Amino acid sequence: MPNADTVVVLDFETTGLSPGEGDRAIEIGAVRIESGKVTARFQELMNPGRRVDSFIESFTGITNVMLADARPCSDVMRDFADFIGEDNLVAHNASFDKRFLDAEFERIALSYTGQFSCSMLAARRIFQQAPDHKLGTLVEFMNIPVEGVFHRALYDSEMTAKLWLAMLNDVRRRYAISAIDFKQMQRVAKTPKHAVGKFWESVCQL
DNA sequence: TGCCAGGCCCTCTTTAGGGCCTT
């Protein structure tokens, strides 16, 4: 059973938006959060077996030259499967990263048992007053120090992890809740916006 | 600088359409 207090926050850089259209992962980054602290990191480029276009090179800073020496996706994803183990998973706009994780694992007949929760859906409810709910905007909105460049997998996963912890702290302060677990955050991400307050108040009474 | 797709959400909805977010 996964530890309810442990999550792996992950982020993919890819050749495009849709694995169903043939897009592949080119970098995976992830951090493990245990008891509110980052305890492990994973980052590796991976060779998708074809060239990436100039937009992706510009968008991510990951070039075809860099990918030429990278290990193939299959090797990297096997190592990543070991990294995530049975832990639950978090990503910003998780439906995107889940599609790529599922597609890359399916290619090598691997699976995972953890469940996904989405920091974007949670943020839309917890930080309804934010200008928008892009990762970069939320990081700025929460005054999280920016020390790197967005659109690289490890950096984005680090920032998503900090945003996740900031959301936990915000809810703890706002509703005076001593501890919030993954299942509760997963549920709030699916709670109608207007009912989020009532949800946490009900958690308080448990 | 952008398109692609997919899932989710909101609303002038549910017999639907459009915006957001990810690369």
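Labels below follow one simple rule: chain letters A, B, ... track the order of the sequence lines, proteins then strands, and each chain is numbered from 1. Both backbone and side-chain heavy atoms feed into the values below; hydrogens, waters and symmetry mates do not. Here the structure is a predicted model, which is why all the values come from computation and not from measurement.
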When we call it a touch if two heavy atoms are under 4.0 Å apart, what does [X] touch: a base, just sugar-phosphate, or nothing?
X        : answer
A:Ser58  : base
A:Ala123 : nothing
A:Asp132 : sugar-phosphate
A:Phe12  : sugar-phosphate
A:Arg125 : sugar-phosphate

Nearest-Å distance for atom pair [atom1]/[atom2], residues [X] and [N]:
X        : N      : atom1 : atom2 : value
A:Glu104 : B:dT23 : CD    : P     : 16 Å
A:Ile28  : B:dT22 : CD1   : C1'   : 13 Å
A:Arg50  : B:dT23 : CZ    : C1'   : 12 Å
A:Phe116 : B:dT22 : CZ    : P     : 15 Å

Item checked: A:His133 vs B:dC21: side-chain N/O to OP1/OP2 distance below 4.0 Å ->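 Affirmative; the distance criterion is met.
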Margin query: Can you pull out the residues from residues 135-152 of chain A that lie within a 4.0 Å heavy-atom distance of DNA chain B?
Written below: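 A:Leu135, A:His151, in order of number.
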Check: What are the residues of residues 160-171 of chain A, sorted by number, that bring a heavy atom to within less than 4.0 Å of DNA chain B?
Finding: none
Item checked: Aromatic A:Phe199 / basic A:Arg187 pairing, under 6.0 angstrom, 45° off normal -> no
Check: Do we see a donor-acceptor contact under 3.5 Å between the side chains of A:Asp102 and A:Tyr112?
Finding: yes
Next item on the list: Would you tell me whether A:Asp87 and A:Thr6 have side-chain atoms, one donor and one acceptor, within less than 3.5 Å of each other?
Entry: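 The answer is no; no qualifying pair exists.
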With rounding to whole Å, what would you report as the distance between [N] and [M] at their [atom1] atoms?
N      : M      : atom1 : value
B:dC8  : B:dT14 : C1'   : 16 Å
B:dC21 : B:dT15 : C1'   : 29 Å
B:dT13 : B:dG19 : P     : 16 Å

Dump every N/O contact between nucleotides 3-7 of chain B and the protein below 3.5 Å, one line per pair.
none

Next item on the list: Could you grab the distance from atom CD of A:Glu140 to atom NZ of A:Lys134, nearest 0.5 Å is fine?
Entry: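 One finds 12.0 Å between CD of A:Glu140 and NZ of A:Lys134.
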Notebook entry, point to check: Is it true that A:Asp79 and A:Arg71 have a side-chain N and a carboxylate O under 4.0 angstrom from each other?
Noted result: yes
Next item on the list: With the side chain counted from C-beta on, respond yes when A:Thr137 and A:Pro131 share a heavy-atom pair under 4.5 Å apart, and no when they do not.
Entry: yes
